[in-house]
Student: 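Take this structure first; my questions come after.
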Amino acid sequence: MTRMRAAGTRILALAFLSAAAGSLAGCGSIDQALFGGGTETAAAPAESGQEAPEAAAAPAPGAPGTPVPPPAPVETGAAPVASSIALVPIEGGPDTGTNVGRTVASLRGQLQGLQTKIGGDAAHYAELRNTAIQAGASYQDSTAHIAARLGAGTTKGNPELIAQWNSAQAALDSLTSNINALSALATEISNDSSAAHYELDTIQATFNVSGAVDEDHRQLNVLADETSQTIVIIDRLMGNIGDAVQRQTAYVGAERGNLTTLASAIKAGEYFSPMLSAPSAGSASGAMASGEPIVTIKFAKAHTSYDRVLYAALSQALAARPRASFSVVAVAPTRGTTAAVQLAQNSAQREARSVMRSMTEMGVPSTRMGVSSSTDPSIATSEVRVYVR
């Protein structure tokens, strides 16, 4: 019974990891991937042809129909996992002619079939592990190329970088599918574990059946040892798969947010550091404490560039308060005639909506933004101020 409870606990743990992995398949919402949104209900495992997450559309403007190259195969020197799974050799025995002897032969055949299944599962795990390594390497190659080009300087919405971004997205989707396949495999192996424990219980019960000879009990003892060793192998394989699901789930969850950051950077043609970096002693964190705006954008000329300073302010604010929401305030001057003031207010509101669109493209969900208007007699041109609320 202790063994059965332990197996049940491991099955529940793997089921939890499976649910977490399934939710990543739809983790295109930046509110979940980057801003720490609420836990989703477990989604169905990702299937071939599943619609790409919402974040995949981020760099698409200006490049419809951009081909999505598949993850490039990567040579790896990792030893196949199956080679580390040494199945227990099953010892045969003479037919004693008793009913117990026939039961022993049947149990031996069941154990051999179970070991064949475990060997196939171990080989499948090795394939999935190597696929994950290749997809991860392809993702890192694509994102490193994008970061290098952005760091050196490039054009806004560069279609070459969009193609690389799409390749990185495809690699992450492949990792998500890999997680779902691992979770399904874990379920299969947990069933094998239950079968192995049932086999061992049956062997122990067979000792109490009358009409056995000494050879029957000798074979039962050997079979019990072989079954116990098989259970150890199954538990080890389950542990390896559970660890792999947990690692890959955490990795994909973090990289979904980083990929959204890259989408905004490609559109702006500038390198953005990761949004959730540690807060510095800059103005944003200080403004949060004092109730001042984390950023003020002055529109003194027709084309004001503010993406970099806005992104930096949002980064520091979210690092200090991950669940923060934002108020975007359009501030207009009050100098001049009534008509001039009205025009200034309209201009400020238009610029505030533009700032909100930029924040949305950077990953801030609309549910965590609000807009309002104000006036300030001390300013000469329209401003947009962003506050943390």
Student: Can you see which heavy atom on Val388 is nearest to which on Ala324, and at what distance?
Tutor: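 Of all heavy-atom pairs spanning Val388 and Ala324, the closest is CG1-CB, 3.9 Å.
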
Student: Side chain of Ser138, backbone of Gln134: donor and acceptor closer than 3.5 Å?
Tutor: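 Checking the backbone N and O of Gln134 against the side chain of Ser138, no donor-acceptor pair under 3.5 Å is found.
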
Student: State, without any angle test, whether Thr96 and Glu215 hold a side-chain donor-acceptor pair at a distance under 3.5 Å.
Tutor: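 Short answer, no.
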
Student: Rounded at 0.5 Å granularity, tell me how far CG in Leu262 sits from CG in Leu150.
Tutor: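 The distance works out to 7.0 Å.
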
Student: Do Thr249 side-chain atoms and Gln246 backbone N/O form a donor-acceptor pair below 3.5 Å?
Tutor: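 A pair under 3.5 Å: no.
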
Student: Is there a side chain to side chain contact (heavy atoms under 4.5 Å, CB included) between Ile90 and Gln115 once you walk through the steps?
Tutor: CA-CA 9 Å; Ile90 306 300; Gln115 287 211 348; 3.7 Å; yes

Student: Locate the shortest heavy-atom distance separating Ala330 from Ala348; write the atom from each residue and the value.
Tutor: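 Shortest heavy-atom contact: CB-O, 3.3 Å.
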
Student: Would you name the heavy atoms of Ser174 and Ala135 that are closest together and state the gap between them?
Tutor: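 Distance-wise, the nearest heavy atoms are OG-CB, 3.9 Å.
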
Student: Can Asn178 and Thr131 be said to form a side chain to side chain donor-acceptor pair (under 3.5 Å), step by step?
Tutor: CA-CA 8 Å; Asn178 191 272; Thr131 298; 4.6 Å; no

Student: Is there a donor-acceptor pair closer than 3.5 Å between any side-chain N or O of His197 and the backbone N or O of Ser193?
Tutor: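 Side chain of His197 to backbone of Ser193: a pair is present.
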
Student: Taking a hydrophobic cluster as the set of Ile, Leu, Val, Met, Phe, Trp and Tyr residues connected by side-chain heavy atoms closer than 4.5 Å, whether directly or through intermediates, do Val309 and Met356 fall within one such cluster?
Tutor: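 Yes, Val309 and Met356 fall within the same hydrophobic cluster.
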
Student: Could you tell me the separation between the OG atom of Ser228 and the CD1 atom of Ile233, rounded to the nearest 0.5 Å?
Tutor: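 Here the rounded value is 11.5 Å.
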
Student: I need the Thr155 OG1 to Arg149 CZ distance, nearest 0.5 Å.
Tutor: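 Here the interatomic distance stands at 7.5 Å.
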
Student: I'd like to know whether Arg353 forms a salt bridge (Lys or Arg N to Asp or Glu O under 4.0 Å) with Glu351, so could you lay out the CA-CA distance, the side-chain angles of the two residues, the decisive distance to 0.1 Å, and finally the verdict.
Tutor: CA-CA 5 Å; Arg353 289 192 293 270; Glu351 299 297 353; over 6 Å; no

Student: Could you state the interatomic distance from CH2 (Trp165) to CG (Leu259), rounded to the nearest 0.5 Å?
Tutor: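 That separation rounds to 4.5 Å.
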
Student: Write down the atom of Ser210, the atom of Val100, and the distance for their closest heavy-atom approach.
Tutor: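 Residues Ser210 and Val100, closest heavy atoms: O-CG2, 4.0 Å.
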
Student: When you look at Asp376 and Arg385, which way does the salt bridge (Lys or Arg N to Asp or Glu O under 4.0 Å) test go after all the steps?
Tutor: CA-CA 12 Å; Asp376 187 342; Arg385 302 170 186 172; 3.0 Å; yes

Student: Strictly distance-based, threshold 3.5 Å: is any side-chain N or O of Asn130 a donor or acceptor partner for the main-chain N or O of Ala126?
Tutor: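 Side chain of Asn130 to backbone of Ala126, a donor-acceptor pair under 3.5 Å: yes, one is there.
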
Student: Show the numbers, then the answer: is there a side chain to side chain contact (heavy atoms under 4.5 Å, CB included) between Asp307 and Met362?
Tutor: CA-CA 9 Å; Asp307 280 349; Met362 291 176 184; 3.9 Å; yes

Student: Heavy-atom count check: over 12 atoms from other residues, nucleotides or ligands less than 6.0 Å from Glu160 CD?
Tutor: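 No, CD of Glu160 has 12 or fewer neighbouring heavy atoms, counting only those of other groups under 6.0 Å.
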
Student: Check whether any side-chain N or O of Glu91 sits under 3.5 Å from a backbone N or O of Glu226 as a donor-acceptor pair, and report yes or no.
Tutor: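 No: the side chain of Glu91 does not pair with the backbone of Glu226.
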
Student: Same cluster or not: are Ile118 and Ile241 linked, directly or through other Ile, Leu, Val, Met, Phe, Trp or Tyr residues, by side-chain heavy atoms under 4.5 angstrom apart?
Tutor: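 Ile118 clusters together with Ile241.
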
Student: Between Arg102 (side chain only) and Asp95 (backbone N and O only), is there a donor and an acceptor less than 3.5 Å apart?
Tutor: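 No: the side chain of Arg102 does not pair with the backbone of Asp95.
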
Student: Is there a side chain to side chain contact (heavy atoms under 4.5 Å, CB included) between Glu383 and Ile297? Walk through the geometry before answering.
Tutor: CA-CA 6 Å; Glu383 298 180 356; Ile297 304 169; over 6 Å; no

Student: Are Asp173 and Arg256 close enough for a salt bridge, meaning some N to O gap below 4.0 Å?
Tutor: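 Salt bridge flag = yes for Arg256 with Asp173.
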
Student: For the side chain of Ser167 and the backbone of Ala163, is there at least one donor-acceptor N/O pair under 3.5 Å apart?
Tutor: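 Pair absent, no side-chain N/O of Ser167 close to backbone of Ala163.
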
Student: Do you know the tightest heavy-atom contact between Thr143 and Ala168?
Tutor: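 Closest pair (atom of Thr143, atom of Ala168, distance): CG2-CB, 4.0 Å.
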
Student: Cut-off 3.5 Å, side chains only: do Thr375 and Gln345 have a donor facing an acceptor?
Tutor: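 Judged by distance alone, the side chains do not pair up.
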
Student: Determine whether Val331 and Phe299 fall in the same hydrophobic cluster, where Ile, Leu, Val, Met, Phe, Trp and Tyr are linked whenever their side-chain heavy atoms lie under 4.5 Å apart.
Tutor: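 Val331 does not cluster with Phe299.
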
Student: When you measure from the side chain of Ser190 to the backbone of Thr187, do you find a donor-acceptor pair of N or O atoms at a distance under 3.5 Å?
Tutor: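 Looks like yes, one N/O pair under 3.5 Å.
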
Student: Applying side chain to side chain donor-acceptor pair (under 3.5 Å) to Asn258 and Glu255, what does each step give before you reach the verdict?
Tutor: CA-CA 5 Å; Asn258 292 337; Glu255 293 306 321; 3.3 Å; yes

Student: Between Leu87 and Val232, is there shared hydrophobic-cluster membership here, with clusters defined by ILVMFWY side-chain heavy atoms closer than 4.5 Å?
Tutor: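 The answer is no; the residues belong to distinct hydrophobic clusters.
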
Student: Among the clusters formed by ILVMFWY side chains lying less than 4.5 Å apart, do Ile179 and Tyr251 turn up in the same one?
Tutor: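 Both belong to a single hydrophobic cluster.
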
Student: Working note: Arg218 + Asp214, criterion salt bridge (Lys or Arg N to Asp or Glu O under 4.0 Å); need CA distance, chi angles, decisive distance, verdict.
Tutor: CA-CA 6 Å; Arg218 186 195 70 81; Asp214 290 343; over 6 Å; no

Student: Which distance, rounded to the nearest 0.5 Å, do you find between the CG of Asn158 and the NZ of Lys267?
Tutor: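 Reported to 0.5 Å precision, the distance equals 15.0 Å.
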
Student: Pairing donors with acceptors under 3.5 angstrom, does anything connect the side chains of Tyr306 and Thr296?
Tutor: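 Short answer, no.
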
Student: Between CD of Gln316 and CD1 of Ile294, what distance do you get to the nearest 0.5 Å?
Tutor: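 These two atoms lie 9.0 Å from each other.
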
Student: Are any side-chain N or O atoms of Thr116 and backbone N or O atoms of Gln112, one a donor and one an acceptor, separated by less than 3.5 Å?
Tutor: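 Yes.
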
